[in-house]
Asker: 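After the structure tokens below, expect a handful of questions from me.
Whatever order the structure lists them in is the order used to number ligands and atoms, beginning at 1.
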Amino acid sequence: MKKLKFLKSLKFRIFILMMILGLLPGAALQMGLLKIYENKAVSNRRIDILSQAKILGTQIVTYDYLNNTSLDVINAQLELLSNIYDGRVLLINSGFQIVKDTYNLDTGKAIISEEVVKSFKGEEISKYDSDNRYIEMTIPLTDSNTEEILGVLLVSVSTDSIVANYEYLKDNTMVIGIACVLFVAALSLFFSRRLVRPLGKITKSIDEVQTGSGEDALSVSDYTETEAMSHAFNDMIKRMQVIDQSRQEFVSNVSHELKTPLTSMKVLADSLLGQEEVPLELYKEFMSDIAEEIERENKIINDLLSLVKMDKSAGTLNIDMVNINELLELILKRLKPIARKQNIELVLESFRPVTAEIDEVKLTLALTNLVENAIKYNKEEGWVHVSLNADHKYFFVRVEDSGIGIDEESLEHIYERFYRADKSHSREIGGTGLGLAITRNAILMHRGAIKAHSKLGEGTVFTVRIPLNYIA
Ligand code: ADP
């Protein structure tokens, strides 16, 4: 298997391709030219013989040679014809009898071949037998006065000389062909190596980037393609670095957040243990503080778990057709007690009935966070307005409050994990800094969007847009 691996390499394929492209036209040309030569040589030979035989034929008729084969003039010419073309000439009279054979083998014998019969009907026949290497022609001898066919001249000549030339040419072109093969192979080898070299460079550079032994960015600009690959690779590396950094930050934030309640508990417990005869009230007070810290720790862990769940792919969504009006009513009903505690007016305004394909649990969590924030970061006697509207594609939830607002700089960061715009206030009211990260993830999983507008000291508006039909 390993031995055949080179078959898959680009270098090998370029080599083969170049060999084929380089040699195929040459081979086709060679074969074509040889064939053309053969055809042309045979046709020239035919024309020559035909013209000679016709002249001879006229003389044969004129001198009545058919009836008087001892005529020297014609005999000499017949000999000449068969000598020049290395062939045999037969003269056949109307009784299908051979009256003259330049080989003197068949004189006096009868001959009835298809060609001869056809020629007696006036046809001039010529046949090339390439296997046995001869051309055979039968020419009718016509009396020019009576148009009567008196006899047939059968000329059969060898094409050995043509074949010899053909072979000579073939051998020579073969030598040239072999030289071409070697040349094209060398050229193909050179170019196939050269063309794939940048790819090897890329692999080497990636290895170097990975081991940190070379530059920390890829730059192979030999081709536009390798340049694009380098850019894409560098972008990916940068992204991975950002992800790695944010992961580290997240881990350190988590540790810090989880440690804070533990530290408080330890301080509380230590101070109780360090005192002797602690009054019961102090015990109770410290224990209730410890319980509060445990509660806080619990909340952070729960939020982290929700976040981890949301981080998974959208495939984990549990999509159902849900009445959004009812969903919001329920959320507000649950939050009413907290709002009442701070004398905050909580109002829901539904512009139309809306049902949509959503994951009820996840979206409830997201919207609850928004409304809860609007209550938490509000002022005494403030208000929170929640409204629901929809068009043909999306539904919109707007959560507006008359609260403390978020300054412009913090507005960019509020969706980050553990980010708190108003640190002291958030911690005081038990915020974990994870709420909006959870909300945003849940909305993005639904292919939705969230936007925030705020004015410090005046209030904040969050607008959420979710598609009515879930797009997988
Ligand atoms: P937390 O658990 O601290 O509330 P969130 O992620 O829900 O965390 O919110 C991040 C920060 O954004 C909060 O700490 C708060 O400072 C700010 N914030 C969120 N919602 C509001 C709002 N409606 N009004 C003012 N500030 C807000």
Asker: Side chain or backbone, does G433 bring an N or O within less than 3.5 Å of an N or O on ligand 1?
Answerer: yes
Asker: Within ligand 1, which atoms have a heavy atom of A374 less than 4.0 Å away?
Answerer: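 Reading through ligand 1 atom by atom, the close ones are 23 (N).
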Asker: Indicate, as side chain, backbone, both or neither, the part of I406 found under 4.0 angstrom from ligand 1 when only non-hydrogen atoms are considered.
Answerer: side chain
Asker: Would you kindly check if the NZ (Lys) or CZ (Arg) of R440 is within the cone defined by 45 degrees around the ring axis of Y415 and under 6.0 Å from the six-membered ring centre?
Answerer: yes
Asker: Under a 4.0 Å heavy-atom limit, does D401 contact ligand 1 with its side chain, its backbone, both, or neither?
Answerer: side chain
Asker: Show me the donor-acceptor pairs within less than 3.5 Å that the side chains of residues 189-201 make with the rest of the protein, sequence neighbours left out.
Answerer:
unit_1	atom_1	unit_2	atom_2	d
S192	OG	S188	O	2.9
S192	OG	L189	O	3.0
K201	NZ	D222	OD1	3.2
K201	NZ	D222	OD2	3.1

Asker: Less than 4.0 Å is my threshold; does some heavy atom of K376 fall inside it relative to ligand 1?
Answerer: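 Yes; K376 lies near enough to ligand 1 that a heavy-atom distance drops under 4.0 Å.
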Asker: Return yes when G403 approaches ligand 1 closer than 4.0 angstrom through a heavy atom, no otherwise.
Answerer: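 It does not, in that no heavy atom of G403 comes within the 4.0 Å cut-off of ligand 1.
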Asker: N/O of A421 under 3.5 Å from N/O of ligand 1, yes or no?
Answerer: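 N/O-N/O distance under 3.5 Å: yes.
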Asker: Parallel under 30°, tilted from 30 to 60°, perpendicular over 60°: which one fits the rings of H413 and Y419?
Answerer: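 Plane angle between 30° and 60°, so tilted.
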Asker: Taking NZ, NE, NH1 and NH2 as the nitrogens, is one of them in R247 or D244 under 4.0 Å from a carboxylate oxygen of the other?
Answerer: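 Salt bridge flag = yes for D244 with R247.
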Asker: Just heavy atoms, cut-off under 4.0 Å: does Y415 contact ligand 1 by side chain, backbone, both, or neither?
Answerer: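 Within the 4.0 Å criterion, Y415 makes no contact with ligand 1.
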Asker: How close do L332 and L346 get, counting heavy atoms only, and between which atoms?
Answerer: O-CD2, 3.8 Å
Asker: Does any pair with a residue in residues 30-44 pass salt bridge (charged side-chain N to carboxylate O under 4.0 Å, His left out), and if so which ones, sequence neighbours excluded?
Answerer: K35-E38
